[in-house]
Number of protein chains: 2
Amino acid sequence: MSARAQGSKKRTRIQVQNEQRIMDAALEVFSTYGYRGSTVDQIAQRAGLSKPNLLYYYAKKQDIYVAVLEHTLSDWLQPLTKLDPEGEPAEQLWNYIECKLELSRSAPKASRLFANEMLHGAHNIEPYLRGELKSLVEEKCGVIQVWIDAGKLKPIAPVHLLFMIWATTQHYADFDAQIKALCQDKREECFGKASTTLKTIFLDGLLP
Amino acid sequence: MSARAQGSKKRTRIQVQNEQRIMDAALEVFSTYGYRGSTVDQIAQRAGLSKPNLLYYYAKKQDIYVAVLEHTLSDWLQPLTKLDPEGEPAEQLWNYIECKLELSRSAPKASRLFANEMLHGAHNIEPYLRGELKSLVEEKCGVIQVWIDAGKLKPIAPVHLLFMIWATTQHYADFDAQIKALCQDKREECFGKASTTLKTIFLDGLLP
DNA sequence: TCAGTTTCTGACCTTTCGGTCAAAATAAAA
DNA sequence: TTTTATTTTGACCGAAAGGTCAGAAACTGA
């Protein structure tokens, strides 16, 4: 019987270890080459397993892909949950932006994995988009709207503010190749300048 | 002799027509499925040609890909060239932002094609990135820096401002799936709200 | 009309890749 | 130790995909 088909049964030590290895390898490979560009052999090799052995844990290529997507989705969601309605808008939003930028720096592969999935229609995470993510976004847009109504923020469309934050921060992971080509700064310095520029523009705007 | 190998020789009517068809089909297919996810057969079918016939015009799959990339690169570059040092910064930048947003609306496939290429390391457009694009970006960053030095803009890192503009505008093409899932507005309304939100945040900032 | 060129096609080749399977090897339980 | 369950492997399969090629068809210019 294949390892994953066992369902609720307790997981073996070996099972846990190998599944972790597979997830790591899959994130590496899928984020670099995309779904179709990645081969099961590649992932198996990176995980230190033979192909049939890998297929013993995840019966199909797509199963690996969906697993690694789900595996990283929760990390992606978390920062937004921390947006606190009680806090000061400027501080709360800046916290969130910084946190997302830091994620782009520390976990660019996860970012690229999602970006790739989005780019190709997001068919494998539709339920997540229209479920978990959507309700969280609606909740937090409510919070932002309250801040606007209280006169603490300019009147903008909350969801588009979120889009802007996502776009600007994830850009540093997703378009890394372009940034490397255009920005001669070292990584740390580049992210530093990005951070201060984002802060100025989001909070103060460009005009003096 | 294959059509493309003829080099400088004058192009036939049929050649021009079929190459155009191929470029259209290739943009459609590559932008939807990515490089590895697309098949030569698919492109041929969409172009209304048989596979060997398509391969008569472009000998290899990668040749088609590079051709369609180059074909759309110039359109992508153009808006930035119009950034006028003589004009008012706010107006010039807003023009540029609007123009890029409009491109995301009217040519989302081109945007997704680039995004995909970037995401996977941009190996096919490296020379473009480090050549044409880089020198244009340096020139325009110079312009922005002059505006800053003249006290007409807040002191931000010019290149990161460009990154922000690219990120926020292209997001609406590249992450279309996510936007469709989270934004119940009709397309036109969505882009309208995006536009006003971008204007407020870039020019005025979030805080009242 | 006819020779020469360009365009197009069907059949075919080769490689890659996702996936299967029977059986061997290893670990765990009794 | 013996039995049972889990894990691993090599050999293999079929489908898909990139690419080739000889020659047929269509177009072009004289």
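Numbers restart at 1 for each chain; the letters A, B, ... are given by sequence-line order, proteins then strands. Because only heavy atoms are used, hydrogens play no part in the values below, and waters and symmetry mates are left out as well, while side chains stay in.
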- Note on the structure: Quick note, side chain to side chain donor-acceptor pair (under 3.5 Å) partners involving residues 71-82 of chain A, not counting sequence neighbours, are none
- Rounded to the Å, how far apart are A:L54 CG and D:dT8 P? 11 Å
- Message: Without decimals, in angstroms, what is the distance between B:N18 CG and C:dC8 C1'?
- Response: 10 Å
- Reckon A:Y56 has a side-chain N or O less than 4.0 Å from the OP1 or OP2 of D:dT8? no
- d(CD, A:E19; C1', D:dT6) in whole Å: 13 Å
- Item | B:K199/B:E98 ion pair, N-O < 4.0 Å | no
- Rounded off to whole Å, could you give me the CD-to-P distance for the A:Q17 and C:dA27 pair? 12 Å
- Message: Base contacts versus sugar-phosphate-only contacts with protein, heavy atoms under 4.0 Å: please encode nucleotides 15-22 of chain C as B, S and - from 5' to 3'.
- Response: --SBBBB-
- Message: Would B:K61 pass as a cation-pi partner of B:Y35, given that its NZ or CZ must be under 6.0 Å from the six-membered ring centre and within 45 degrees of the axis?
- Response: yes
- Message: I need the CG-P distance between B:L49 and C:dT6, as an integer number of Å.
- Response: 18 Å
- Message: I want to check one thing: is the phosphate of C:dT7, taken as OP1 and OP2, less than 4.0 Å away from some side-chain N or O of B:Q15?
- Response: yes
- Query: Which class fits the ring pair A:H171 and B:F163: parallel under 30°, tilted 30 to 60°, perpendicular over 60°?
  - Reply: tilted
- Query: Hey, does the side chain of B:Y57 come within less than 4.0 Å of C:dC8's phosphate (OP1/OP2), counting only N and O?
  - Reply: yes
- Message: Rounded to whole Å, how long is the line connecting atom CZ of A:R11 with atom C1' of D:dT7?
- Response: 15 Å
- Choose from D:dT9, D:dC27, D:dT7 the nucleotide whose nearest atom is closest to any side-chain atom of B:R13. D:dC27
- Message: Donor-acceptor check, side chain of B:Q145 to backbone of B:P158, threshold 3.5 angstrom: yes or no?
- Response: no
- Return the value, rounded to whole Å, for the distance between atom OH of B:Y65 and atom C1' of D:dG19. 20 Å
- Query: Is a donor on one side and an acceptor on the other found under 3.5 Å between the side chain of B:Q92 and the backbone of B:D84?
  - Reply: yes
- Query: With sequence neighbours left out, what residues match B:D41 under salt bridge (charged side-chain N to carboxylate O under 4.0 Å, His left out)?
  - Reply: B:K51
- Minimum-distance nucleotide to B:N53 side chain [options: D:dC27, C:dC8, D:dT7]: C:dC8
- Query: Would you say A:S50 reaches D:dG10's phosphate, i.e. side-chain N/O to OP1/OP2 under 4.0 Å?
  - Reply: no
